[in-house]
Amino acid sequence: MGGMKFTLSARQPFALQPVVKSHGWVQLAPFKLDEGQGNPDDLKNATVRKKPPLRLTYIDQLSNGRIIEYEIKQSGKGVQVQTENLDKFEKAEASQHINWMLGLDMGFSDFYKFVRMEPKLAHAKRAARGRILRSPTFFEDVIKTILTTNTLWAATIRMNLNLINTFGGAIAANGKKAFPTPGQIAAAKPDVLRKDVRVGYRAPALHELAVRVATGELDLEAFKHSPLPTADLRAELLKINGVGPYAAANLLMILGRHDFIPIDSWALKLVSHEWYRGKPVTPKQVERRFKKWGSYKGLAYWLWDWKFTG
DNA sequence: GGTAGACCTGGACGC
DNA sequence: GCGTCCAGGTCTACC
């Protein structure tokens with residue numbers, strides 16, 4: 001087996017579970033979640049144990065082409081990473097990726113202060129919430145976000161899995177696959193995206209994006225540390241074919257910009273049941289309800305302790 | 001600046 | 001069994 005372990009520290013407060021459970025991303029390959037089920041003892045221990053062990057795995061491709069798997073667990077005030085033996089450059093890159101994926105150096109003290117009088121948000125600090133699970137590359141998150149639009153969640157999971165199985169590189173030893181690089185998708189015919197990956201009408205948009213990133217025309221990774229004001233960054237995101245108001249807001253949230261609410265059909269449902277007795281609402285009404293939270297309205301929406309749970 | 005209609009796909013529902 | 005609807009929306013064409 002071999003391999004190596006290392007730990008990464010996080011800005012406090014931090015807990016792995018709320019990051020992993022922050023949205024559906026963990027259900028999208030190459031993420032995988034292992035909550036320690038399968039042991040018969042778990043049942044009787046469940047009532048005793050305070051923190052169920054939670055193990056997040058991810059198949060990553062480093063810039064030198066090497067594909068490796070991370071097993072990430074909570075460890076003290078940060079995380080412990082188990083992976084294959086890496087040289088110091090690989091380890092630095094892997095650490096950087098995991099740091100980004102979990103938002104280890106993000107802080108939310110201003111937000112916590114701002115919302116501490118709001119009963120629906122007061123839990124945020126207690127539960128160390130605010131971080132949103134993200135993929136190592138912004139490219140991957142843009143693709144995944146486009147795959148969430150105008151479809152069922154189950155279909156998003158399937159399309160994403162097809163994309164990985166069709167184009168992604170694999171670990172030789174076990175066949176586990178990484179998310180495809182822009183080049184791998186760009187090299188394919190758009191028709192393959194439609195016919196094999198089954199992404200439907202999204203095929204041209206996805207392919208075009210992969211080509212633009214692969215050729216260097218569009219530097220998506222630069223969005224991570226862009227000096228642009230959020231509104232300008234949003235305008236840039238909206239230029240991407242397939243990215244509209246919802247997707248842009250979702251991607252801004254992923255970038256740690258919380259000024260906009262990703263208003264989808266689910267958001268309308270939540271707000272409808274929260275304040276309008278289940279009567280249909282418009283995006284404008286959602287905006288109105290969260291206006292007071294200013295540049296934190298996205299987070300306020302995201303972390304709101306909703307009445308409606310489905 | 002605001003709003004109908006079309007759009008791949010494949011479960012869920014009604015009949 | 002089949003048709004219809006619709007989902008973690010977006011784009012285009014109009015007003």
Side-chain angles (χ1 to χ4, degrees), chain A residues 19-29 31 33 132-135 138 140-167 185 188-210 212 218 220 231 233-255 257-258 260-274 278 280-291 297-304 306-310:
Chain A
V19 186
V20 165
K21 300 286 175 77
S22 56
H23 59 149
W25 249 219
V26 71
Q27 297 170 44
L28 297 179
F31 280 113
L33 182 61
I132 293 170
L133 185 67
R134 44 196 182 186
S135 309
F138 191 49
E140 182 174 330
D141 278 339
V142 175
I143 296 279
K144 284 176 171 175
T145 298
I146 293 175
L147 292 183
T148 67
T149 57
N150 192 29
T151 193
L152 295 163
W153 180 242
T156 300
I157 292 175
R158 183 176 38 71
M159 288 187 277
N160 177 65
L161 199 57
N162 289 345
L163 195 63
I164 290 168
N165 287 334
T166 307
F167 301 120
I185 298 176
K189 293 206 166 63
D191 214 39
V192 175
L193 279 166
R194 184 186 283 264
K195 299 255 173 64
D196 296 347
V197 186
R198 314 288 300 166
V199 297
Y201 69 90
R202 303 168 190 80
L206 297 177
H207 190 260
E208 179 197 326
L209 180 64
R212 291 180 65 204
L218 177 65
L220 277 183
L233 203 55
R234 176 173 182 269
E236 290 303 310
L237 287 169
L238 289 173
K239 286 182 189 168
I240 298 171
N241 201 358
V243 174
Y246 158 77
N250 187 61
L251 289 167
L252 286 174
M253 291 286 288
I254 281 173
L255 291 172
R257 314 262 194 144
H258 309 115
F260 295 90
I261 303 172
I263 301 174
D264 51 20
S265 55
W266 182 246
L268 298 177
K269 202 174 288 182
L270 290 173
V271 170
S272 156
H273 283 88
E274 192 77 5
V281 300
T282 64
K284 277 191 174 171
Q285 288 170 293
V286 178
E287 296 282 0
R288 207 170 303 143
R289 285 291 167 178
F290 285 91
K291 191 160 184 270
K297 63 171 81 79
L299 258 194
Y301 158 75
W302 206 271
L303 301 181
W304 198 259
W306 300 99
K307 267 194 285 197
F308 186 74
T309 53

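To find a chain, count down the sequence lines: A is the first, B the second, and so on, and within it residues start at 1.
Within the shown strands, C:dA13 is the pairing partner of B:dT3 under the Watson-Crick or G-U definition, both distances less than 3.5 Å. C:dG8 is unpaired under the Watson-Crick or G-U wobble criterion, no partner having all donor-acceptor distances under 3.5 Å.
Expressed to the nearest 0.5 Å, how far CG of A:Leu299 lies from CH2 of A:Trp304 amounts to 13.0 Å.
Each of A:Trp306, A:Phe308, A:Trp266 was compared with A:His273 under the ring-ring contact (aromatic ring centres under 6.0 Å, His included) criterion, and only A:Phe308 meets it.
Ring centroids of A:Trp302 and A:Phe290 are separated by 6.0 Å or more, keeping the two rings apart.
With its ring centre under 5.5 Å from that of the base six-membered ring and a plane angle below 30°, A:Trp153 counts as stacked on C:dG8.
Note: CG (A:Leu252) to C1' (C:dG8) measures 16 Å, nearest angstrom. A straight line from NZ of A:Lys284 to C1' of B:dT3 spans 11 Å, rounded to a whole angstrom.
Here A:Ala203 lies out of heavy-atom contact (under 4.0 Å) with every strand. Counting non-hydrogen atoms under 4.0 angstrom, A:Gly200 reaches a base of the nucleic acid.
Taking all atoms of both residues into account, the shortest heavy-atom contact from A:Leu237 to A:Leu251 is CD1-CB, 4.0 Å.
The phosphate of C:dG9 (OP1 or OP2) has a side-chain N or O of A:Ser265 nearer than 4.0 angstrom. For the OP1/OP2 pair of B:dG10 and a distance below 4.0 Å, the side-chain nitrogens and oxygens of A:Arg198 include at least one atom meeting the criterion. Phosphate contact (OP1/OP2 of B:dC7, side-chain N/O of A:Arg202, threshold under 4.0 Å): absent. Taking side-chain N and O atoms only, A:Lys195 has no distance below 4.0 Å to OP1 or OP2 of B:dC8. Dashed line: the shortest gap from a side-chain N or O of A:Asn150 to OP1 or OP2 of B:dC8 is not under 4.0 Å.
Spacing of C1' atoms, B:dA6 relative to C:dC6, comes out at 14 Å, to the nearest Å. For the P atoms, the distance linking C:dC11 with B:dG10 amounts to 22 Å, nearest Å. Spacing between C:dG8 and B:dC13 at atom P, rounded to whole Å, works out to 13 Å.
No salt bridge links A:Glu287 with A:Lys284; every basic N to acidic carboxylate O contact stays at or beyond 4.0 Å.
Taking every side-chain heavy atom of A:Arg194 into account, B:dC8 is the closest of B:dC8, C:dG8, C:dG9.
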